[in-house]
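These notes are about the structure you will find just below.
Quick note: residue numbers are just sequence positions, from 1. What you see below is based on every heavy atom in this structure, not just the backbone, and it leaves out hydrogens, waters and symmetry mates.
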Amino acid sequence: CVSIGGDSEAPDQLLTLTPAVIAPAGDAANGDMASALAVTEPSTPQHLNVIRIPVRVNDTSLAYLQDAFWVQKPSQLFQRVLAETIRATSDRLVIGGGELDYAARTQLGGELVAMDYDAPSSSVVVRYDAVLRSPNGDVRTQRFESVVSGVAPDALSVGPAFNQAANELAAQVADWVG
């Protein structure tokens, strides 16, 4: 049983993100820390640092979608989808979580700028400002965005739409990282 916020009733369901592609069991990657890629948890603006789903009402107002809750903070969910997508679609040694993140010489981080429902356009928006730091000291940045339109403002509709948008964006980032 899940309880959110003290005496409130538990939600009917919690939303999560799942990678569209996964590395098969037994798949292995070898390398040293110089060639490893650490996919770190992205930073977020405060409105995404919660398990609620923000709704952009207009350019200056936010609300939260009723009865819609993430199982974890969006930045953690997106980090897992991104790391798994890169792992499954490349030959890179991808590490994530824990002390190894700091030892890897190539770092992929950034900011998850938006993971919002946009009420005026009835769409979900996932926007990520990626920062790739290479072992030689080079830094590359790029903004990625994925939008899924025609989404009803309820948990049953936004969950799959967010999953689709996050996976599309993760595939874009994986291609960019190489």
Side-chain angles (χ1 to χ4, degrees), residues 1-21 38-86 96-98 101 107-133 139-177:
C1 182
V2 176
S3 178
I4 298 176
D7 293 332
S8 65
E9 288 187 35
D12 292 336
Q13 63 181 341
L14 296 174
L15 302 175
T16 192
L17 299 176
T18 55
V21 292
V39 178
T40 61
E41 182 180 344
S43 63
T44 60
Q46 187 58 36
H47 77 279
L48 288 178
N49 197 25
V50 295
I51 61 169
R52 309 272 322 263
I53 295 176
V55 175
R56 291 236 174 246
V57 178
N58 57 44
D59 289 342
T60 60
S61 297
L62 281 174
Y64 287 98
L65 192 61
Q66 186 174 351
D67 300 325
F69 299 92
W70 292 113
V71 70
Q72 286 182 291
K73 291 180 181 178
S75 59
Q76 296 165 329
L77 295 171
F78 180 71
Q79 175 193 13
R80 278 199 210 77
V81 167
L82 183 56
E84 186 60 29
T85 300
I86 295 169
D101 282 353
Q107 301 268 325
L108 176 62
E111 181 178 16
L112 184 60
V113 178
M115 197 166 201
D116 307 340
Y117 179 81
D118 184 70
S121 66
S122 297
S123 59
V124 299
V125 178
V126 180
R127 187 176 305 117
Y128 176 61
D129 287 342
V131 178
L132 183 64
R133 292 182 274 303
V139 176
R140 294 188 320 165
T141 65
Q142 186 165 328
R143 174 166 279 186
F144 296 91
E145 182 176 272
S146 182
V147 177
V148 176
S149 300
V151 180
D154 59 66
L156 291 175
S157 302
V158 299
F162 273 119
N163 200 58
Q164 176 185 339
N167 275 284
E168 288 172 0
L169 196 143
Q172 294 171 22
V173 175
D175 287 345
W176 177 71
V177 168

Study note, to complete from the structure: By salt bridge (charged side-chain N to carboxylate O under 4.0 Å, His left out), Arg52 pairs with (sequence neighbours left out) none
Exercise for review: State which residues pass salt bridge (charged side-chain N to carboxylate O under 4.0 Å, His left out) with Arg56; sequence neighbours excluded, sorted by chain then number.
Suggested key: Asp116
Practice item. Could you pull out the closest heavy-atom pair between Ala152 and Ser157, with the gap in Å? Key: O-CB, 3.4 Å
Practice item. Under the side chain to side chain contact (heavy atoms under 4.5 Å, CB included) rule, what do Thr44 and Lys73 come out as? Steps first, then yes or no, please. Key: CA-CA 10 Å; Thr44 60; Lys73 291 180 181 178; over 6 Å; no
Review point. If every non-hydrogen atom of Pro45 is compared with every non-hydrogen atom of Glu111, which pair is closest and at what distance?
Key: CD-OE2, 3.6 Å
Practice item. Could you pull out all residues at least two apart from Asp67 that satisfy side-chain hydrogen bond (donor to acceptor under 3.5 Å, both in side chains)? Key: none
Practice item. Take Asn163 and Thr18 through the test side chain to side chain contact (heavy atoms under 4.5 Å, CB included) and record every step on the way to the result. Key: CA-CA 7 Å; Asn163 200 58; Thr18 55; 3.4 Å; yes
Exercise for review: Determine, step by step, whether Val125 and Glu145 satisfy the side chain to side chain contact (heavy atoms under 4.5 Å, CB included) criterion, reporting the C-alpha distance in whole Å, the side-chain angles of both residues, the deciding distance to 0.1 Å, and the verdict.
Suggested key: CA-CA 7 Å; Val125 178; Glu145 182 176 272; 4.1 Å; yes
Review point. With a 4.5 Å limit on heavy-atom distance, are the side chains of Ser122 and Val151 in contact?
Key: no
Check your understanding: Once you round to the nearest 0.5 Å, how far does CD of Gln79 lie from CD of Glu84?
Key -> 12.0 Å
Check your understanding: More than 12 non-hydrogen atoms from neighbouring residues, nucleotides or ligands closer than 6.0 Å to CD on Gln13, yes or no?
Key -> yes
Study note, to complete from the structure: Taking every heavy atom of Pro160 against every heavy atom of Leu156, the minimum-distance pair comes out as CD-O, 3.3 Å
Practice item. Measure across Pro153 and Leu65 and return the closest heavy-atom pair with its distance rounded to 0.1 Å. Key: O-CD1, 3.3 Å
Review point. Considering residues at least two apart in sequence or located in another chain, which fulfil the salt bridge (charged side-chain N to carboxylate O under 4.0 Å, His left out) criterion with Glu168?
Key: none
Check your understanding: Do Val21 and Thr85 touch side chain to side chain, with heavy atoms closer than 4.5 Å?
Key -> yes
Check your understanding: Between Trp70 and Leu17, is any pair of side-chain heavy atoms under 4.5 Å apart?
Key -> yes
Review point. How would you list, by chain and number, every residue that makes a salt bridge (charged side-chain N to carboxylate O under 4.0 Å, His left out) with Arg133, sequence neighbours excluded?
Key: none
Check your understanding: Mind checking whether Val173 and Leu108 have side chains closer than 4.5 Å, heavy atoms only?
Key -> yes
Check your understanding: Just wondering, do Thr16 and Leu77 contact through their side chains at under 4.5 Å, heavy atoms?
Key -> yes
**Study point:** Non-hydrogen atoms of Val148 and Ala161 that approach each other most closely
**Key:** CG2-O, 3.7 Å
Check your understanding: Where do Leu48 and Pro74 come nearest, in terms of heavy atoms and distance?
Key -> O-CD, 3.3 Å
Practice item. Among Asp129, Val126, Leu82, Leu169, find the one that has a side-chain contact (heavy atoms from CB on, under 4.5 Å) with Leu112. Key: Val126
Practice item. Determine yes or no for a side-chain-to-main-chain donor-acceptor pair under 3.5 angstrom, with Arg140 supplying the side chain and Ala130 the backbone. Key: no
Practice item. Decide whether Ser75 and Glu41 meet the rule of one side-chain donor and one side-chain acceptor closer than 3.5 Å. Key: yes
Check your understanding: Taking C-beta and beyond as the side chain, do Val139 and Val131 meet within less than 4.5 Å on heavy atoms?
Key -> yes
Review point. Does any non-hydrogen side-chain atom of Trp176 lie less than 4.5 Å from one of Leu132?
Key: yes
Point to revise | Contacts of Tyr117 that satisfy ring pair (Phe, Tyr, Trp, His ring centres under 6.0 Å) - sequence neighbours left out | key: none
Exercise for review: Step by step, work out the side chain to side chain contact (heavy atoms under 4.5 Å, CB included) result for Ile53 and Tyr64.
Suggested key: CA-CA 5 Å; Ile53 295 176; Tyr64 287 98; 5.7 Å; no
Check your understanding: Under 4.5 Å between any side-chain heavy atoms of Val113 and Tyr128, yes or no?
Key -> no
